[in-house]
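Before any comments, here is the structure.
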Amino acid sequence: MAETRGAIAPYRAILASRMRAQRSYRSNFRIDLTSSFLVGFVELAEVWVLFHNVHELGGFTFTQILLVFGLADFCFSIGDMLFGHCDELTKYVRAGTLDVFYLRPQPILLQLITSDISLKRLSRAAVGLTALVIALVINDIAWSPSAVLLLSLALVSGIAIFSAMFVWAAGLQFFLINGAEMTNAFVYGGRYAATQPAAVWSRPLKVVFGFFFPMAFTAYLPVIALLGLPGPAWLPAWLGWCSPVAALWAWGMALLCWRWGLRHYQGGGG
Amino acid sequence: MRANLQITRRLVWSGFRQQSTYRLAALGGLVANATFGFLKVAILFATVRAAGGELNGYDVATMSAYIWLSQGLLGSVNLHGRSELTERIKSGDVTIDFLRPLNVQLSHVASEVGASLFALIPRGLPSIGIGVVVVGMAMPDSPWPYLLGFLSVVLGITLGALVVYAIGTSGFWLIETRGIQSLYMVVSGLLAGLFVPIGLFPTWLLAFAEATPFPSMLMYPVDILSGRVSGVGSLRLVGVQCFWLGLTWLAGHFLTAAGRRKLEVQGG
């Protein structure tokens, strides 16, 4: 017990210092919180604007899509808070400061993950959580122990899937350096996809965001299982129960890419 | 005046050349544009079809034109809010800019416009190509919308650079401006019509958007290029763009002067 505490102590010290550092530029931190809240709010507004024009989209009403949005956006925000700074890897590689990580007696991925935590994302997660809670109340859900289990599985797996996307992207940064936008297409595009009713997707999109990057598993599939709606072709409702499998797949891919990238890395030459 | 014009031209060209060295970055940008484009196609086509094939003047073909033109311009119009100015204020390098015999605002904006114009080649044209070849989109028949549209695109790009510059001057007072930057990113994306064309907004939100410079950065050039707005209407949009261009130029000018008095470089 004392040993594990000793092992996590350095990570805790770093995280605590990072939290203090963010709050020290006070006016910026307040603006950060506000803008992060607005990000979530505007993303919800974009969904609302579409549904304001039509009654139903991809077999979903606005009340129903609110559930998908809330679940997806909440999970993404938490993943972003814990893992989003993995995007910074490009900076470390370019500046050669990644070599410092090699000097410490801790796994590099763990060091990268615990190198920061974006507290500002909390306000965005609040938007997602509010949308989720409202949607859970106003939607017609047959509550039962299995429904609660389905929702809990979806929440945990959703956070895990989005977190894995950040690690996956970080692994590929070793090769891309300046091409970070290539992975952003799938990390942030993935978030955008996750809030959509997947029934509107073309077949290639279903392959890419339904299965390869399992975005449909973070919200859409659990929601149709929860509401008892029929799924579109290729995405039957029972898949909503398989979100943990999708999370394992995402993390497997992420860790593989990370290992591959780390082996490729030759050092900053310092 | 002539010397000034030549310097501007050189700065635009150097920005253009600098950007051309990042090929992988350009490819990455194109992949991102295309991915978001296909997702927008899925959701916006479904919206038009759910409305019975026609929605506020958009059918599938004109919606496709909106999607791929706006995706094409995304790499050039500054909707992310990052500017070199804020970095240079933070590091103190901006003092060197003030020592140069150049207008700081002009030099920053000119080199950004150059880089943005370059981005039209590897990111803009291929995105539009996807729209034309893979998805199919409505295109005007006469040359007029293309000519005026290109002018409008250049105005939109310049306006974006000017607005971001003006906002970047907040760094003179705040130092750390990432919060402002992300605030800008959210607001500009929505009001410029990046994810949903402003024509689909409810009336009150449309009126609000039109009272800001953001539609002039992306929506109006797209409307002119796609032929959705033509004739006198398109000239009016260009006029609105020029109005905002002048206003933001003045704002940036005065903010730079005020910031210069405030500037305090630490360390030595």
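Numbers restart at 1 for each chain; the letters A, B, ... are given by sequence-line order, proteins then strands. Fair warning: this is a prediction, and the values are worked out from it, not measured in the lab.
- Remark: Glu210(B) CD is packed, more than 12 non-hydrogen atoms of other residues, nucleotides or ligands lying under 6.0 Å away.
- Leu205(A) touches chain B through its side chain: at least one heavy atom from C-beta onward sits under 4.5 Å away, while N, CA, C and O do not.
- Leu176(A) touches chain B through backbone and side chain together, each having a heavy atom under 4.5 Å away.
- Counting heavy-atom pairs closer than 4.5 Å to chain B, the top residue among Leu50(A), Val208(A), Val39(A) is Leu50(A).
- Phe16(B) CZ: more than 12 foreign heavy atoms inside a 6.0 Å radius.
- Counting only residues at least two apart or on different chains, no salt bridge (charged side-chain N to carboxylate O under 4.0 Å, His left out) pair has a member in residues 159-175 of chain B.
- In this structure, chain B has a heavy atom under 4.5 Å from the side chain of Val54(A), while its backbone stays farther away.
- For Phe175(A), the CZ atom counts as densely surrounded, since its 6.0 Å shell holds more than 12 non-hydrogen atoms of other residues, nucleotides or ligands.
- Per-residue heavy-atom pair counts under 4.5 Å with chain A were compared for Gly189(B), Gly52(B), Ala34(B), Ala32(B), and the maximum is reached by Ala32(B).
- Across all non-hydrogen atoms, the minimal contact from Val49(A) to Leu200(B) is CG1-O, 3.7 Å.
- In terms of heavy-atom pairs under 4.5 Å with chain B, the best-connected choice from Ala193(A), Pro197(A), Pro204(A) is Ala193(A).
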Note each donor-acceptor pair with a separation under 3.5 Å, taking one atom from chain B and one from chain A.
from: Leu39(B); atom 1: O; to: Gln196(A); atom 2: NE2; distance (Å): 3.4
from: Arg123(B); atom 1: NH1; to: Glu181(A); atom 2: OE1; distance (Å): 3.1
from: Gly179(B); atom 1: N; to: Asn28(A); atom 2: OD1; distance (Å): 3.3
from: Gly179(B); atom 1: N; to: Asp32(A); atom 2: OD1; distance (Å): 3.4
from: Gly179(B); atom 1: O; to: Ser35(A); atom 2: OG; distance (Å): 3.4
from: Ser182(B); atom 1: OG; to: Ser35(A); atom 2: OG; distance (Å): 3.2
from: Leu200(B); atom 1: O; to: Asn53(A); atom 2: ND2; distance (Å): 3.0

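- Interface remark: Leu30(B) contributes no atoms to any contact with chain A (heavy atom separation under 4.5 Å).
- With a 4.5 Å cut-off on side-chain heavy atoms, Phe209(A) and Leu39(B) count as touching.
- Only the side chain of Phe186(A) comes within contact range of chain B, judged by heavy atoms closer than 4.5 Å.
- Only the side chain of Leu55(B) comes within less than 4.5 Å of a heavy atom in chain A; its backbone stays farther off.
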